[in-house]
Engineer: 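Sharing a structure below in structure tokens format, with a few things to ask.
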Amino acid sequence: RSDQKELASTYNVKKFPRLVLIKPGHKKPHYFEKEFNYANIREFLNIFSEQFVPKNNEKISDTKPWLFEAIPELTSASAKDVCVGQDKTLCVILFNDAQPSQDTIELMKDLKSTYDSNKNAFALKFSWIDASKHSEWNDKLEVASSSTPTVRILNPGRRKRFVKLDGDITKKNMEALFEK
């Protein structure tokens, strides 16, 4: 408010009304420069919000379809929502040279429902990645470039560690992998 002179001078506010966003961890405040109306203010605040809010005519399912898939594809756009940006989460990643077969997806769904009901210290997030398109992931998680599907369980914390699947993708082999 204009009567709060000390606060106004701290953030260099000379005219009123003025919208200033102060975000923890950012060195400088962010100033709203557009015309004051709902759409402009919403767009400005949406950039800094913790949760993505779609625009008026968008649905979240249109902008982030992976949030509504049982076993979503891991891409650069979906990585934070699907796996990497999650706390206390282990990422179960199926590497395949194309979209996985329906049988493999059903096996992953079955494992997901089994291990979701177990209240472990870590949550398990299941996803798949097209190994033919993402060589960086292949290199980092030591996936050989072959057409044989494989699985890695990644701990995406500060010290990124992973465990490899030994053998084919079967329920027995996957359960042994989870026990590691």
Engineer: Group every Ile, Leu, Val, Met, Phe, Trp and Tyr by side-chain heavy-atom contacts under 4.5 Å, then state whether Val20 and Leu7 land in the same group.
Structural biologist: yes
Engineer: Can you check whether Leu74 reaches Trp137 side chain to side chain, under 4.5 Å on heavy atoms?
Structural biologist: yes
Engineer: When you check the side-chain N and O atoms of Ser101 and Asp103, is any donor under 3.5 Å from an acceptor?
Structural biologist: no
Engineer: To the nearest 0.5 Å, what is the distance between CE (Met108) and CD1 (Ile169)?
Structural biologist: 7.0 Å
Engineer: Would you please test Lys109 and Glu106 for salt bridge (Lys or Arg N to Asp or Glu O under 4.0 Å) and show each step?
Structural biologist: CA-CA 5 Å; Lys109 284 181 184 178; Glu106 290 302 322; 3.6 Å; yes
Engineer: Do Phe36 and Ile41 have side chains that get closer than 4.5 Å, going by heavy atoms?
Structural biologist: yes
Engineer: Got a second to check how far Ile93's CD1 is from Leu165's CG, nearest 0.5 Å?
Structural biologist: 13.0 Å
Engineer: Does Asp168, at its CG atom, have more than 12 non-hydrogen atoms belonging to other residues, nucleotides or ligands within less than 6.0 Å?
Structural biologist: no
Engineer: Could you tell me if the side chain of Leu94 sits less than 4.5 Å from the side chain of Pro149, heavy atoms only?
Structural biologist: yes
Engineer: Do the side chains of Leu177 and Val163 get nearer than 4.5 Å, heavy atoms only?
Structural biologist: yes
Engineer: Evaluate the criterion side-chain contact (heavy atoms from CB on, under 4.5 Å) for residue pair Val92 and Lys125; output intermediate values, then yes/no.
Structural biologist: CA-CA 6 Å; Val92 181; Lys125 296 287 187 170; over 6 Å; no
Engineer: Only counting residues at least two apart or in another chain, list the ones meeting side chain to side chain donor-acceptor pair (under 3.5 Å) with Asn155.
Structural biologist: none
Engineer: Between Glu43 and Lys34, is there a salt bridge with N-O shorter than 4.0 Å?
Structural biologist: yes
Engineer: Could you go through the side-chain contact (heavy atoms from CB on, under 4.5 Å) check for Leu124 and Lys112 one step at a time?
Structural biologist: CA-CA 7 Å; Leu124 296 174; Lys112 180 181 180 193; over 6 Å; no
Engineer: Applying salt bridge (charged side-chain N to carboxylate O under 4.0 Å, His left out) as the test, list every pair that has at least one member in residues 4-18; sequence neighbours left out.
Structural biologist: Arg18-Glu33
Engineer: Out of curiosity, does Ile22 fall in the hydrophobic cluster containing Val13 (side-chain heavy atoms, cut-off under 4.5 Å, transitive links)?
Structural biologist: yes
Engineer: May I have the step-by-step check of side-chain hydrogen bond (donor to acceptor under 3.5 Å, both in side chains) for Ser132 and Asp130, ending in yes or no?
Structural biologist: CA-CA 5 Å; Ser132 64; Asp130 189 339; 2.6 Å; yes
Engineer: What is the minimum heavy-atom distance between Ser2 and Phe16, and which atoms define it?
Structural biologist: CA-CZ, 3.5 Å
Engineer: Is the closest side-chain heavy-atom distance between Arg152 and Val143 below 4.5 Å?
Structural biologist: yes
Engineer: Between CD of Gln4 and OG of Ser9, what distance do you get to the nearest 0.5 Å?
Structural biologist: 11.0 Å
Engineer: Please report the interatomic distance CG(Asn96) to CD1(Ile129), rounded to the nearest 0.5 Å.
Structural biologist: 11.0 Å
Engineer: Hey, are the side chains of Tyr31 and Tyr11 touching, using non-hydrogen atoms and a 4.5 Å cut-off?
Structural biologist: yes
